Q: 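Supplied in structure tokens, the structure appears directly below.
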Amino acid sequence: MLHGYIPPHRFLPYLSWTEIDALPDRENTVIVLPCGAIEQHGPHLPCSVDSVISSGVMGKALEKLPAEVRAFALPTITYGKSEEHLHFPGTMTLTGTTLLSTVIEIGESVYRSGFRKLLFANGHGGQPQVLEMAARELRLRHGDFVVVPHGVSRLPSAASQQVSEQEKKLAMHAGHSETALMLALAPETVHMERAAANFPPPFPIKLLSPDGRPACAWTARDFGPSGVIGDPTSATRAQGLEILDTLSDSWVQALTELYALRWIVRDEPTWGRGHETGFIQTAEGLPTQSQPA
């Protein structure tokens with residue numbers, strides 16, 4: 001079914017428009033938009049890694065979320081901005097302009113539906129800047145819209161205790177943590193017999209990069225033919241389940257606090273375009289319906 005890893009009762013498209021119109025406290029209900037990509041992740045992982053992880057982690061968090069915390073997910077954006085992986089078959093990419101327009105227009109639809117809190121839960125390292133730009137644009141258009149762009153894996157979890165110092169400093173793609181999470185979420189797609197480590201050379205200008213990560217623009221092919229940037233070889237399913245459990249716990253806390261958040265409301269006219277506004281039908285006057293949970 002369409003919901004994938006998202007619990008069906010937390011999947012907004014499974015509600016009718018009248019049920020959405022009748023939802024209580026829509027202005028504080030958190031709408032989660034998982035954002036992923038379809039791109040190469042080395043010989044041992046499928047091209048769907050970022051989409052699986054963004055939806056899988058948020059689905060686990062929504063499964064654990066207390067019933068009184070109102071939050072729903074939208075379908076995952078499975079295509080992202082992945083030009084740094086264009087050298088490899090299987091990479092499907094949008095341009096930054098297309099992704100930016102797509103995310104802004106989804107955000108406008110969320111706002112038009114009466115919601116005022118939106119989380120971009122990003123699973124792909126090649127597009128946080130685009131999502132940040134979209135969030136800023138939506139905030140400029142709507143002074144009561146809280147839009148949070150955040151990396152799915154950038155909350156506390158067990159991952160930092162599982163990896164080497166080299167992995168912490170230089171791993172960027174298809175390494176230990178992504179491999180472990182895929183073993184937890186979609187083990188049938190992982191081929192550990194093909195896993196091999198591959199790291200980029202440390203960037204030599206410490207003033208620009210104290211940890212040695214590339215400070216210049218790069219593509220995955222710059223660091224070798226495998227597409228891997230890290231060491232996946234020691235990853236296990238048990239480690240992935242531990243990361244998934246602890247990371248989703250962190251997201252439960254974040255979603256709970258985002259639902260409770262009362263943020264600044266800006267009253268002056270928007271700087272955005274005006275054609276997104278207009279008449280929206282309500283359920284008032286229609287036959288009585290039961291209140292959705």
Side-chain angles (χ1 to χ4, degrees), residues 34-56 76-103 120-134 149 151-154 159 163-164 166-183 185-205 208-209 211-235:
C35 301
I38 303 296
E39 60 183 34
Q40 73 83 21
H41 272 76
H44 69 292
L45 290 177
C47 293
S48 59
V49 167
D50 295 339
S51 296
V52 169
I53 289 176
S54 59
S55 56
T76 301
I77 296 181
T78 54
Y79 298 102
K81 179 182 176 295
S82 300
E83 291 104 327
E84 69 270 31
H85 301 288
L86 283 178
H87 296 101
F88 298 89
T91 296
M92 308 292 166
T93 188
L94 305 178
T95 64
T97 302
T98 298
L99 179 61
L100 180 64
S101 296
T102 299
V103 174
F120 297 145
N122 181 37
H124 170 41
Q127 62 198 21
Q129 298 86 354
V130 176
L131 299 179
E132 290 164 4
M133 291 167 63
V152 165
S153 297
R154 296 185 71 84
V163 299
S164 67
Q166 185 183 31
E167 186 84 1
K168 289 178 183 178
K169 289 181 178 180
L170 296 177
M172 295 183 287
H173 193 72
H176 181 280
S177 296
E178 283 191 323
T179 301
L181 274 171
M182 289 301 291
L183 285 167
L185 290 166
E188 69 281 2
T189 68
V190 181
H191 302 278
M192 289 303 294
E193 72 279 5
R194 304 176 192 164
N198 179 61
F199 287 98
F203 195 74
I205 305 175
L208 296 178
S209 178
D211 62 2
R213 284 176 177 264
C216 57
W218 55 268
T219 75
R221 185 62 181 78
D222 293 340
F223 306 132
S226 74
V228 173
I229 310 172
D231 185 0
T233 57
S234 62

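Since this is a predicted model, take the numbers as computed values, not measurements.
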Q: Counting only heavy atoms not in H87 (residues, nucleotides, ligands), do more than 12 fall under 6.0 Å from its NE2?
A: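 No - once you tally the heavy atoms of other residues, nucleotides and ligands closer than 6.0 Å, there are 12 at most.
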Q: List for me each residue that meets salt bridge (charged side-chain N to carboxylate O under 4.0 Å, His left out) alongside D211, sequence neighbours excluded, and say none if there are none.
A: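 Scan of D211 (salt bridge (charged side-chain N to carboxylate O under 4.0 Å, His left out), adjacent residues dropped) gives R213.
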Q: List in chain and number order the residues that pass salt bridge (charged side-chain N to carboxylate O under 4.0 Å, His left out) with K169, two or more places apart in sequence or in another chain; answer none if no residue qualifies.
A: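 Not a single residue meets the salt bridge (charged side-chain N to carboxylate O under 4.0 Å, His left out) criterion with K169.
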Q: With no hydrogens and no angle check, is any side-chain donor or acceptor of Q40 less than 3.5 Å from a backbone partner on F88?
A: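 Such a contact is absent between Q40 side chain and F88 backbone.
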Q: Partners of E132 by salt bridge (charged side-chain N to carboxylate O under 4.0 Å, His left out), sequence neighbours excluded?
A: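 So E132 forms no salt bridge (charged side-chain N to carboxylate O under 4.0 Å, His left out) with any residue.
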Q: With distance as the sole test, does S51 use its side chain to make a donor-acceptor pair with the main-chain N or O of T78 at under 3.5 Å?
A: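 Side chain of S51 to backbone of T78, a donor-acceptor pair under 3.5 Å: yes, one is there.
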Q: Once you round to the nearest 0.5 Å, how far does CD1 of I77 lie from CG of L131?
A: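 It comes to 7.5 Å.
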Q: Say you draw a straight line from CG of L86 to OG1 of T93; how long is it, rounded to the nearest 0.5 Å?
A: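 So the gap between those two atoms works out to 6.0 Å.
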Q: Check whether any side-chain N or O of H124 sits under 3.5 Å from a backbone N or O of K81 as a donor-acceptor pair, and report yes or no.
A: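 Flag set: sc H124 to bb K81 pair under 3.5 Å.
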Q: Between CD of Q129 and CG of L100, what distance do you get to the nearest 0.5 Å?
A: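 Between Q129 CD and L100 CG, I get 12.0 Å after rounding to 0.5 Å.
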Q: Identify the two heavy atoms, one from P43 and one from S226, that lie closest to each other, and give their separation to 0.1 Å.
A: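 Looks like CD-O, 3.6 Å.
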Q: Could you tell me which non-hydrogen atom of P214 sits nearest to which non-hydrogen atom of F223, and how far apart they are?
A: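 Where P214 meets F223 most closely, the heavy atoms are CG-CZ, 3.8 Å.
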Q: Rounded to the nearest 0.5 Å, what separation is found between the CD atom of E39 and the NE2 atom of H85?
A: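 Going from CD on E39 over to NE2 on H85, the span is 4.0 Å.
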Q: Can you list the residues that meet the side-chain contact (heavy atoms from CB on, under 4.5 Å) rule with M92, with sequence neighbours excluded?
A: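 Residues passing side-chain contact (heavy atoms from CB on, under 4.5 Å) with M92: I38, Y79.
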Q: For residues S177 and A159, report the shortest heavy-atom separation together with the two atoms involved.
A: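 Distance-wise, the nearest heavy atoms are OG-CB, 3.6 Å.
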Q: What are the two closest heavy atoms between Q127 and C35, and how far apart are they?
A: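 Residues Q127 and C35, closest heavy atoms: NE2-CB, 3.9 Å.
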Q: Can you name the side-chain contact (heavy atoms from CB on, under 4.5 Å) partners of A171, sequence neighbours left out?
A: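 Expected list: E167, F199.
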Q: Would T98 and T95 count as having a side-chain donor-acceptor pair, cut-off 3.5 Å?
A: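 On atom types as modelled, these side chains qualify, holding a pair under 3.5 Å.
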Q: Carefully, step by step, assess L183 and M192 under the rule side-chain contact (heavy atoms from CB on, under 4.5 Å).
A: CA-CA 9 Å; L183 285 167; M192 289 303 294; 4.2 Å; yes
Q: Distance check, rounded to the nearest 0.5 Å: T76 atom OG1 versus D50 atom CG?
A: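 Result: 11.5 Å between the selected atoms.
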Q: Can you sort out the partners of V49 under side-chain contact (heavy atoms from CB on, under 4.5 Å), two or more places apart, ordered by chain and number?
A: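 For V49, the residues satisfying side-chain contact (heavy atoms from CB on, under 4.5 Å) (neighbours in sequence not counted) are H41, L45, P46, I53, E178, M182.
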Q: Using side-chain heavy atoms (C-beta onward) and a distance below 4.5 Å, is P34 in contact with V152?
A: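 Not touching, per the 4.5 Å side-chain cut-off.
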Q: Quick one: OG1 on T179 to CG on D231, what's the gap to the nearest 0.5 Å?
A: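 Between atom OG1 of T179 and atom CG of D231 there are 9.0 Å.
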Q: What are the two closest heavy atoms between H44 and P232, and how far apart are they?
A: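 Scanning both residues completely, I find the closest heavy atoms to be NE2-CB, 3.3 Å.
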Q: Identify the heavy atoms of G42 and A174 that sit nearest to each other, and give their distance.
A: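 Closest approach of G42 to A174, heavy atoms only: N-CB, 4.5 Å.
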Q: Taking atom types as modelled, is there a side-chain donor on E84 or H173 under 3.5 Å from an acceptor on the other?
A: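 The criterion, which ignores hydrogens and geometry beyond distance, is not satisfied for H173 and E84.
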